[in-house]
Amino acid sequence: MGEPVDAAFSVKTTGSEWLLPVSEYLGFPLDQVNFLACQLFGLAAAFWFRLYLSPSHANPLVRHAVAALLGVAFLIFCFGWYSAHILTVVLASYLIIINADINNVHRYSMLTAMGYLTACQVSRVFIYNYGVPSTDFSGPLMIVTQKITILAFQLHDGMCKKSEQLTSEQKPLAMNVRPSLIEYLSYNLNFLSVFVGPCSNYKEYIDFIEGRHISGRLRQHTGTCNGQNGYDKTPDPSPLNAVCQKLLVCSGCMLFFLTVTRSLPVIYNVDPHFVSQAPFLTRLTYAFFSIQAARPKFYFAWTLADAVNNAAGYGFLGMDKNGKPCWDLMCNLNILKIETATSFKTFIDNWNIQTGIWLKAVCYDRAPKHRLALTFILSALWHGVYPGYYFTFITAIPITMAARAVRRSVRHYFLGFRGLKLGYDILTWAATQLAICYTVMPFLLLAVEPTLVYYSSMYFYVHIISILAAIALHWKHKPIEPSVSTKTFSSSSSSSLCSAQCQPVHSNNNDKVD
């Protein structure tokens with residue numbers, strides 16, 4: 001939100017122009033105004049969906065139909081005929097689910113969804129030259145790609161594999177029946193997650209639609225049982241407090257965006273006059289604060305999406321140690337841990353969590369070899385084909401290696417004394433935030449030329465320091481093979497990332513890559 005947009009692109013849109021006067025009054029691009037309007041309307045619709053179309057008031061078919069129709073209406077409102085791209089890939093993937101050989105359904109689905117997404121991303125870069133002369137529909141298409149592929153893999157698990165061939169994470173999510181058309185459309189296009197997700201598992205979504213989502217999780221907590229039929233007598237916990245808390249976070253992020261973010265544009269980091277005239281420390285300081293200021297727009301979008309799901313009664317994770325309901329099943333980030341991260345790994349583990357779970361589920365856990373490399377490749381392709389994305393992923397490699405080496409070699413010297421540990425934490429926090437700033441800058445600049453301008457202005461200092469540290473400390477400690485417990489992949493569950501107090505019904509043990 002709030003990125004500089006070409007004037008020609010800010011007015012022309014394939015979506016609705018009803019809110020054009022609002023766009024002009026506020027000074028926001030029309031596509032962003034449309035998106036926000038749909039999300040706020042979706043929030044109100046979610047409360048209505050939970051209260052008046054609850055499983056006790058409406059049968060699953062009605063709930064599926066309403067969720068899907070509202071989602072399609074939102075897509076058409078925001079994207080107009082561009083929404084046909086999303087509908088096309090969903091319908092094509094359903095034909096594959098129904099007609100393809102079940103032994104290869106996951107491969108065909110992955111090829112179709114990722115291929116269509118990549119073709120759209122390529123057209124945006126090479127045909128429209130880093131812009132689209134209307135609303136950008138790549139975000140919803142990326143979410144749909146996640147849903148299409150994870151469903152296909154879970155269907156293959158349930159219909160082609162024996163129980164002993166599945167991991168403890170895969171077993172409860174495996175499907176042994178192909179979904180109906182209305183179920184498939186509802187899962188992929190429901191208004192709760194059609195724009196920015198988060199991606200959820202198909203069986204969890206069906207449990208939500210059919211009214212088993214909360215009761216099934218309450219059964220895992222013996223403390224809430226009230227006799228043999230206690231779960232039937234216990235009313236569903238209300239998500240109101242969780243929704244209000246998340247909306248408060250959204251309000252803070254929006255306020256920060258309006259007062260700070262717009263005054264610190266990322267593109268100024270490569271302004272010719274600034275690069276040539278400002279001292280290195282000034283450029284470094286501006287880069288740090290401009291990247292910090294760019295995060296709240298992501299915090300806002302992901303937290304609002306989470307709140308919309310919760311308002312509909314979806315996203316219940318379990319009860320915390322105090323017996324209070326926790327609504328972080330589909331939490332996509334942990335803001336506190338991101339802002340206080342003292343390691344590159346901690347930052348990545350708490351950013352875009354659900355995408356990390358998806359990458360692990362469809363790639364890392366299933367690749368016979370070269371799992372880490374293949375997962376990085378899939379992550380890069382899913383994000384798009386902008387050169388800046390690949391600069392970011394490549395730059396992350398030596399930084400990750402150096403961070404591991406430094407932690408193994410140095411950290412234990414500081415653990416015995418509180419003062420030393422505090423100093424170490426402060427130093428590693430600063431180093432982590434600067435490294436993140438340096439790494440993600442190309443992700444926001446997108447193109448090759450501004451990326452090279454920025455890295456040149458920084459004298460490639462993080463590249464140099466990281467490579468030297470990794471080489472120097474390589475001989476002191478034999479490198480550890482990347483595993484499920486080391487960055488890029490985290491052994492923390494999605495629930496522990498979002499709320500340390502929550503006790504999940506089942507641990508995803510998501511190994512994170514993004």
Side-chain angles (χ1 to χ4, degrees), residues 64 68 85-121 141-190 193 197 199-207 209-210 354-382 484 489 506 508-513:
H64 277 305
H85 288 288
I86 300 165
L87 299 177
T88 296
V89 73
V90 169
L91 291 174
S93 297
Y94 183 70
L95 292 176
I96 293 173
I97 289 290
I98 295 302
N99 298 311
D101 176 10
I102 195 63
N103 292 300
N104 294 307
V105 67
H106 56 310
R107 297 188 180 94
Y108 296 153
S109 295
M110 174 66 81
L111 183 62
T112 299
M114 283 300 301
Y116 199 94
L117 174 63
T118 301
C120 290
Q121 299 278 30
L141 190 58
M142 293 165 74
I143 297 299
V144 162
T145 298
Q146 288 187 355
K147 292 182 178 182
I148 289 171
T149 53
I150 199 168
L151 184 153
F153 275 96
Q154 291 169 352
L155 182 64
H156 179 262
D157 286 344
M159 298 185 70
C160 292
K161 293 184 179 180
K162 298 179 180 178
S163 178
E164 55 270 22
Q165 294 178 293
L166 303 176
T167 68
S168 59
E169 300 162 11
Q170 294 168 350
K171 286 180 183 178
L173 302 175
M175 302 163 51
N176 53 21
V177 177
R178 301 178 199 248
S180 67
L181 177 60
I182 188 62
E183 290 171 338
Y184 195 79
L185 294 177
S186 175
Y187 171 67
N188 282 288
L189 301 174
N190 70 82
S193 59
C199 175
S200 61
N201 294 301
Y202 175 79
K203 290 187 73 173
E204 292 174 342
Y205 179 76
I206 295 299
D207 285 346
I209 291 292
E210 297 182 356
Q354 299 304 320
T355 293
I357 295 174
W358 169 72
L359 288 167
K360 176 179 183 290
V362 303
C363 186
Y364 187 83
D365 283 348
R366 303 176 189 273
K369 55 184 178 179
H370 308 304
R371 297 192 297 176
L372 195 62
L374 289 173
T375 306
F376 266 122
I377 292 171
L378 176 60
S379 180
L381 285 174
W382 178 79
V484 177
F489 296 91
H506 65 273
N508 288 326
N509 289 325
N510 62 299
D511 297 333
K512 172 90 176 62
V513 179

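Residue numbers start at 1 and run along the sequence shown.
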Could you check whether any side-chain N or O of [X] sits under 3.5 Å from a backbone N or O of [Y], counting only pairs where one atom can act as donor and the other as acceptor?
X: K147; Y: Y187; result: yes
X: S186; Y: I182; result: no
X: R371; Y: D365; result: no
X: S379; Y: T375; result: no
X: K203; Y: A174; result: yes

Hey, are the side chains of [X] and [Y] touching, using non-hydrogen atoms and a 4.5 Å cut-off?
X: M159; Y: M175; result: no
X: T88; Y: Y116; result: yes
X: I86; Y: L189; result: yes
X: T145; Y: M114; result: yes

Practice task
Using the test ring pair (Phe, Tyr, Trp, His ring centres under 6.0 Å), find all partners of H64 that sit at least two apart in sequence or belong to another chain.
Solution key: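 Partners of H64 under the ring pair (Phe, Tyr, Trp, His ring centres under 6.0 Å) test: none.
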Problem - ring pair (Phe, Tyr, Trp, His ring centres under 6.0 Å) partners for Y108, two or more places apart - result: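 Applying ring pair (Phe, Tyr, Trp, His ring centres under 6.0 Å) to Y108 gives none.
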[X] [atom1] to [Y] [atom2] distance, which is reported to the nearest 0.5 Å:
X: L151; Y: S109; atom1: CG; atom2: OG; value: 8.0 Å
X: L185; Y: E183; atom1: CG; atom2: CD; value: 10.5 Å
X: T149; Y: L111; atom1: OG1; atom2: CG; value: 12.0 Å
X: R366; Y: H156; atom1: CZ; atom2: NE2; value: 8.5 Å
X: S180; Y: I97; atom1: OG; atom2: CD1; value: 12.5 Å

Exercise for the section: Decide yes or no on side chain to side chain contact (heavy atoms under 4.5 Å, CB included) for E169 and K360, but give the supporting numbers first. Expected result: CA-CA 11 Å; E169 300 162 11; K360 176 179 183 290; 2.5 Å; yes
Problem - Partner of L173 under side-chain contact (heavy atoms from CB on, under 4.5 Å), chosen from D157, N201, L166 - result: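 Among D157, N201, L166, the one meeting side-chain contact (heavy atoms from CB on, under 4.5 Å) with L173 is N201.
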If you take all heavy atoms of [X] and [Y], which pair is closest and at what distance?
X: Y205; Y: N190; value: OH-CB, 3.4 Å
X: Q170; Y: Q165; value: OE1-O, 4.5 Å
X: N176; Y: G158; value: CB-O, 4.1 Å
X: V89; Y: I148; value: O-CD1, 3.9 Å
X: L374; Y: A367; value: CD1-CB, 3.8 Å
X: R178; Y: A100; value: NH1-O, 3.7 Å

Handout entry: Pairing residues for Y94 by the side chain to side chain contact (heavy atoms under 4.5 Å, CB included) criterion, not counting sequence neighbours
Key =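 Counting only residues at least two positions away or on another chain, Y94 forms a side chain to side chain contact (heavy atoms under 4.5 Å, CB included) with I98, L181, Y184.
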Exercise for the section: Please report the C-alpha distance between W382 and T355 in whole Å, then the side-chain angles of each, then the deciding distance to 0.1 Å, and finally whether the side chain to side chain contact (heavy atoms under 4.5 Å, CB included) criterion is met. Expected result: CA-CA 10 Å; W382 178 79; T355 293; 3.6 Å; yes
